[in-house]
Amino acid sequence: MSVDLHWFLPTAGDGRGIVDNSNSSNADPRTAGERAPTLDYLTQVARAAEAAGFTGVLTPTGTHCEDAWLTTAALIPLTTRLKFLVAFRPGAISPTLAAQMASSFQRLSGGRLLLNVVTGGDSIEQQQFGDWLNKDQRYARTAEFMQALRGTWADEPFDFTGEHYTLAGATTSAPPNPVPPLYFGGSSAAALPVAGAHADVYLTWGEPPAAVAAKIAAVREHAERAGRTVRFGIRLHVITRDTSAEAWAVTEKMLAGLDPDAVAATAARFANAESEGQRRMTALHAGSTANLEIAPNLWAGVGLVRGGAGTALVGSHTEVADRIAEYHAAGIDEFVLSGYPHVEEAYWFGEGVRPILTRRGLLSDSPALVSA
Ligand code: FMN
């Protein structure tokens, strides 16, 4: 079995320190990066990801960042084979329009779209989009949305009657080719059955391997009940260097650069997080800079000032490859990685870790690094 490796498009900005590229409705300006997410800069990141051999780039959704559909569409002609894992919110778009946008994207890009369905873990941010449902209602709507999306992509006009959508003759001018796989994240009790019944790939933020294995088992059980199989992906930052000491020195520098007030403000911001996934991420460090290596080579320091994905694989290239192999053995097939800054860290990973994974037979393809 082999793994798929994806990178991340920092559409809220990038920098040498930790930048909050999460879905927070009230991101702290002290964690804004020094590199603005201009088309020029995002092109550099996308081309670095492509050159470093990544399959795709996750592109977040939220009021804090650039729109994922428009930004990735602008990057289509500036890249050649990179796929775009576009995050979007069912609550903010009709399923028929989303189906049409995905179909167009596939034709414009030559089939390079993947979709990340974001139910939304922050009611305040949802309300910014005019969505006043509670989280359980949002997951129920997401389940209907995913059915409606697939139905609209079928050959025949599609009728659907649910609690949240009623569609008559939904269709697009032609179905997308290929039909984009649906990625899905969410750790709430209400999320897991929806993942089992409707997701192609279930995504988790980077918890320690044992916790990830437990989540995988839970989603698998729901999938089996629905007569389906689901793939699993994990979202992690990475700091990989020629030696372990060099990688950990980067974390020390990052910690030294953090404003203690920003750390305290982030801890306060997430103390009562509505998102279960966010709560689990914050619990890994509990606002303290002590004991941040929570499992071998797994550092919880990113979450001190960043919402969402808060952990990083830190170590030598061999150690990082070991941890990837370990998560893969636990059931993870897709790795959505990132690192600060996203251009430089893409090369560290592509030149350092990727050849090791290839030698171990963990990558199905082994494209030589090409110049961007
Ligand atoms: N939520 C966003 O608002 N924007 C995003 O870009 C986004 N990307 C995510 C990426 C991954 C890998 C994961 C695991 C989650 C992401 N989420 C994002 C959040 C979830 O999609 C979910 O809607 C939210 O966290 C609620 O989850 P909960 O069930 O854990 O409370």
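As the structure lists them, so they are numbered: ligands from 1, and atoms in each ligand from 1. None of these values were measured; they are calculated from a predicted model.
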> Is the Phe335 ring parallel, tilted or perpendicular to the Tyr327 ring (thresholds 30°, 60°)?
Replying inline: perpendicular

Ligand 1 atoms in contact with [X] (distance to a heavy atom under 4.0 Å):
X      : value
Thr119 : 23 (O)
Leu203 : 12 (C), 14 (C)
Asn116 : 8 (N), 9 (C), 10 (C)
Glu276 : 28 (P), 30 (O), 31 (O)
Pro60  : 6 (O)

>> Does atom NZ (Lys83) have a neighbourhood of more than 12 heavy atoms from anything else shown, all under 6.0 Å?
In response: no

>> Taking only non-hydrogen atoms of Val336, do any sit less than 4.0 angstrom from ligand 1?
In response: no

>> So for Gly62, does at least one of its heavy atoms come nearer than 4.0 angstrom to any atom of ligand 1?
In response: no

>> Check whether Phe145 forms a cation-pi arrangement with Arg150 (NZ or CZ under 6.0 Å from the six-membered ring centre, at most 45° off the ring normal).
In response: no

> Do we see a donor-acceptor contact under 3.5 Å between the side chains of Gln278 and Thr282?
Replying inline: yes

> Between Glu276, Lys215, Arg280, Glu207, which is the residue that forms a side-chain hydrogen bond (donor to acceptor under 3.5 Å, both in side chains) with Ser187?
Replying inline: Lys215

Give the contacting part of [X] toward ligand 1: side chain, backbone, both or neither, where contact means a heavy-atom distance below 4.0 Å.
X      : value
Phe184 : neither
Asp122 : neither
Arg89  : side chain
Arg235 : side chain

>> Taking salt bridge (Lys or Arg N to Asp or Glu O under 4.0 Å) as the definition, give me every residue that meets it alongside Glu319, ordered by chain and number, with sequence neighbours left out.
In response: none

Would you check whether [X] has a nitrogen or oxygen atom less than 3.5 angstrom from a nitrogen or oxygen atom of ligand 1?
X      : result
Leu58  : no
Ser187 : yes
Ser188 : yes
Gly277 : yes

> Relative to atom 1 (N) of ligand 1, which among Thr63, Val118, Leu236, Thr11 owns the nearest non-hydrogen atom?
Replying inline: Val118

> Who gets closest to atom 31 (O) of ligand 1 by heavy atom: Gln126, Lys135, Arg279?
Replying inline: Lys135

>> Using ring centroids (six-membered ring only for Trp), state whether Phe349 and Phe54 fall under 6.0 Å.
In response: yes

> Quick one: are the ring centres of His342 and Phe8 less than 6.0 Å apart?
Replying inline: yes

> Who pairs with Gln126 by side-chain hydrogen bond (donor to acceptor under 3.5 Å, both in side chains), at least two apart in sequence or on another chain?
Replying inline: Arg89, Asp131

>> Quick one: does any side-chain atom of Gln106 pair with a main-chain N or O of Pro178 as donor and acceptor, under 3.5 Å?
In response: yes

> What's the verdict on side chain to side chain contact (heavy atoms under 4.5 Å, CB included) for Leu78 and Arg47, showing C-alpha distance, side-chain angles and the deciding distance?
Replying inline: CA-CA 8 Å; Leu78 301 168; Arg47 287 185 170 168; 4.2 Å; yes

